[in-house]
Amino acid sequence: MDLGLAPSYAVLCLVQGALVLAPWKPWRLKRSSLAGLLIPLLAMAAGVGIVRGFAGGADALTTLATVATPALAACAGWARRWPHPWIPLALTPVLYVVAWQYADTLGGDAASLALIGGACLTLAALIASLTPPWALALGLVVVVAVDVIFVWGIDQVEPATVAVHQAVPPIASVVPGVPPKPLPALQDGTFGTALMGWLDFLAPALLGTLFVGRVRLLVAAATTLVALVWGLLLLVTDPVAATVPVLAGLAAGGRALRADPGFVRRREWVEPEPQAAPPPT
């Protein structure tokens, strides 16, 4: 079933908004102001550089995604400290089989998106736990700026995106007598006739770690709405820098916090330090 570009891209925009909404609790890790800026930026630059600079780079990244994505997705409940961390662990094998056996169908695309989304939630939780909120917000702005330059300035994203999307994952078979088929294509998020790269999902997942409560709901709504409107650019240019709507969510969240300081901020999710028992009287 072919939904067409507009409905397909709208689904990807809704996934971006859902990633903003995902709850989390930060780990008590030593923080560095460089982590939030450098990790996503280096990942994007390395991905484009490997694909454009090395023969077989797209195949290598595709193979890595095929293996690493389910492993990261299975850890989402633990990484984000959800009450029932075993749920993503139990769902991951099911989603992987659906994405594998029903490739090139909307059901297979949805399963692949769920795996990529879960993997991005895991990465975002770890990066955000290592990064002060102000540095992470600044890092998102820089990542979006570099994404825009890569897409429209030096035109490096489109050739890399096409090469990665067309790469074929390793072929495997687990049932005797059944012809082998490629493992799930998890190198990008594809639904119908639209696709987004990993960074386009990691950025909103990182954005969601900066806010909680009503603010995060507002941020998710702003990100989704702007993503849908921003997607209209596909009528005149392809590809588009799909990380840009994150800036709208960041601006909406910052404005809400300035207007009402009573909103819950991320720091209130951090568990308080244990207090020493008072001396006996």
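Just so you know, these numbers come straight off a predicted model, no measurement behind them. Reckoned from all heavy atoms, side chains included, excluding hydrogens, waters and symmetry mates. Quick note: residue numbers are just sequence positions, from 1.
At least one cation-pi condition fails for R81 and W24: the charged atom is not both under 6.0 angstrom from the six-membered ring centre and inside a 45 degree cone around its axis.
For T224 (side chain) and A221 (main-chain N/O), no donor-acceptor pair under 3.5 Å exists by modelled atom type. Panel note: side chain W230, backbone A242; no donor-acceptor pair is recorded below 3.5 Å. Using a distance-only test at 3.5 Å, with no hydrogens or angles considered, no donor-acceptor pair links the side chain of W100 to the main chain of L95. Not one N or O on the side chain of T66 forms a donor-acceptor pair closer than 3.5 Å with the backbone of P169. The main-chain N or O of A167 is found under 3.5 Å from a side-chain atom of Q187 such that the two form a donor-acceptor pair. Counting only distance, with no hydrogens or angles, the side chain of K181 and the backbone of I171 share no donor-acceptor pair below 3.5 Å. Side chain of T122 to main chain of L72: a donor-acceptor pair is present (N/O by atom type, distance under 3.5 Å, no hydrogens or angles). A donor-acceptor pair under 3.5 Å links the side-chain atoms of R80 to the main chain of L121, judged by distance alone.
Between W82 and P88, the closest side-chain pair of non-hydrogen atoms falls below 4.5 Å. Counting only heavy atoms from C-beta outward, the side chains of L136 and L206 approach each other to under 4.5 Å. Within the 4.5 Å cutoff, the side chain of H84 has heavy atoms near those of the I87 side chain. Looking at P23 and R216, their side chains come closer than 4.5 Å, going by heavy atoms from C-beta outward. In this structure, the side chains of Y96 and L115 come closer than 4.5 Å at one or more pairs of heavy atoms. Residues L21 and L217 form a side-chain contact, since some pair of their non-hydrogen atoms from C-beta on lies under 4.5 Å apart. Inter-residue side-chain proximity for L113 and F201 is flagged as met; some heavy-atom pair is nearer than 4.5 Å. L106 is listed as a side-chain neighbour of L3, based on a closest heavy-atom distance under 4.5 Å.
Contact between T92 and A73 at its shortest, heavy atoms only, is OG1-C, 3.8 Å.
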From CA spacing to verdict: side chain to side chain contact (heavy atoms under 4.5 Å, CB included), T237, V240: CA-CA 7 Å; T237 181; V240 298; 4.0 Å; yes
Start with the C-alpha gap between L195 and Y9, add the side-chain angles, then the distance that decides, and say whether side chain to side chain contact (heavy atoms under 4.5 Å, CB included) holds. CA-CA 7 Å; L195 69 90; Y9 193 82; over 6 Å; no
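In terms of the side-chain contact (heavy atoms from CB on, under 4.5 Å) criterion, residue partners of L250 (sequence neighbours excluded) are, by chain and number, A137, V141, L207, L210, F211. For T190, the side-chain hydrogen bond (donor to acceptor under 3.5 Å, both in side chains) test picks out D188, with sequence neighbours left out. With sequence neighbours left out, A241 forms a side-chain contact (heavy atoms from CB on, under 4.5 Å) with D147, V148, V151, W152, V244.
Here L202 contributes atom CG and I127 contributes atom CD1; the two are 5.0 Å apart, rounded to the nearest 0.5 Å. Summarising the geometry, atom CG belonging to L126 is positioned 11.0 Å from atom OG1 belonging to T209; distances are rounded to the nearest 0.5 Å. Put simply, CG on L89 and SG on C75 are 7.5 Å apart, with the number rounded to the nearest 0.5 Å. Rounding to the nearest 0.5 Å gives a distance of 9.0 Å between CG of D109 and CG of L12. Here M196 contributes atom CE and F191 contributes atom CZ; the two are 12.5 Å apart, rounded to the nearest 0.5 Å.
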